Amino acid sequence: MIDILAVNILTCAGQLAQKQAASGEPKRGSRQRHVLLWLGISLLCLGSAMLLWLSVLQRVPVGVAYPMLSLNFILVTLAARWFWHETITTRQWLGIALIVLGVIFVGRGA
Amino acid sequence: MTTINPRGIPKGFAPALLSVLLASSAQLLMKGGIAALPPMADPMTFVPALWHVWPATLAVATGLFFYVASMLSWYFALKSLPLSIAYPLISLSYVIVWLAAIALPTFPDTFSLGKAGAMAMILAGIYLVCGKRKGG
């Protein structure tokens with residue numbers, strides 16, 4: 001359980017780091033250094049998330065693992081709002097809800 | 001923030017879709033490879049097996065390479081797309097992997113109406129997040 005949560009947080013952090021690499025403004029130093037630094041951080045986060053996820057899938061049934069992972073769609077959307085001040089419309093939240101439900105059903109082997 | 005190219009597809013969606021396609025292929029390759037290997041939780045048998053069961057190792061390695069390529073493509077997607085619009089596209093990989101599992105003999109998965117319904121929900125969700133909306 002705790003390791004699936006770690007996968008969630010690492011994936012979310014990896015996405016934020018990648019967004020920072022792609023769209024963030026370097027505080028100091030060159031643009032190139034900024035991109036490499038944040039891409040490196042995101043690679044580290046996403047890489048370890050993936051390894052952890054693979055080991056989770058060998059032990060935890062997808063019926064439990066998929067619904068947990070689908071929380072990421074909510075987590076990343078919230079993070080995009082907080083850190084990047086993106087506006088999330090009701091229509092978007094509705095879409096996210098459908099995606100999360102869909103993934104849960106996929107995991108349950110609907 | 002999102003600019004429209006001459007073909008009417010908002011900039012950033014092409015690399016985003018390429019990234020999802022690469023990640024889905026990576027997932028299939030790794031799934032197939034890892035299934036042929038002993039549990040990773042036991043490194044004493046897992047690591048030596050990497051040398052003996054080499055087609056599986058090759059599949060996992062190719063999968064890893066695709067993953068890195070997918071990340072690179074994702075970087076270009078995020079250059080022009082907001083994270084909250086781009087990220088839900090990743091759920092498309094559930095649909096791609098499901099279709100591949102039905103089509104490929106290596107991953108036995110049969111078609112079921114329930115699963116098709118779940119996939120339709122995901123697609124509808126993506127449409128709501130990324131689809132054209134009135135007034136921008």
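Note that the coordinates shown come from a computational prediction; the quantities given were computed from them, not determined experimentally. Just so we're on the same page: letters track the sequence lines, and every chain starts at 1.
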Q. With sequence neighbours left out, which residue pairs that include part of residues 40-68 of chain B fulfil the salt bridge (charged side-chain N to carboxylate O under 4.0 Å, His left out) condition?
A. none
Q) Quick one: CZ on B:Phe46 to OG on A:Ser55, what's the gap to the nearest 0.5 Å? A) 10.0 Å
Q. Can you say whether A:Thr11 sits under 4.5 Å from chain B via the side chain, the backbone, both, or neither, judging by heavy atoms?
A. side chain
Q | Heavy-atom pairs under 4.5 Å with chain A, option from B:Ala86, B:Ser84, B:Ala77, B:Ala120 with the top count | A | B:Ser84
Q | Spacing of B:Ser91 atom OG and A:Ile96 atom CD1 [to the nearest 0.5 Å] | A | 8.0 Å
(Q) List the residues meeting side-chain hydrogen bond (donor to acceptor under 3.5 Å, both in side chains) with B:Ser19, not counting sequence neighbours, and say none if there are none. (A) B:Ser70
Q. Are any of the side-chain heavy atoms of A:Leu39 and B:Tyr75 separated by less than 4.5 Å?
A. yes
Q. Just by distance, do the side chain of A:Glu86 and the backbone of B:Leu83 share a donor-acceptor pair under 3.5 Å?
A. yes
Q: State, to 0.1 Å, how close A:Ile99 and B:Ile122 come at their nearest heavy-atom pair, and which atoms those are.
A: CG1-O, 3.8 Å
Q) If you look at every heavy atom in A:Lys19 and B:Leu81, which pair is closest and at what distance? A) NZ-O, 2.8 Å
(Q) Nearest 0.5 Å, please: how far is CZ in A:Arg91 from OH in B:Tyr127? (A) 5.5 Å
Q. Is there a donor-acceptor pair under 3.5 Å between the side chain of A:Ser23 and the backbone N or O of B:Leu78?
A. yes
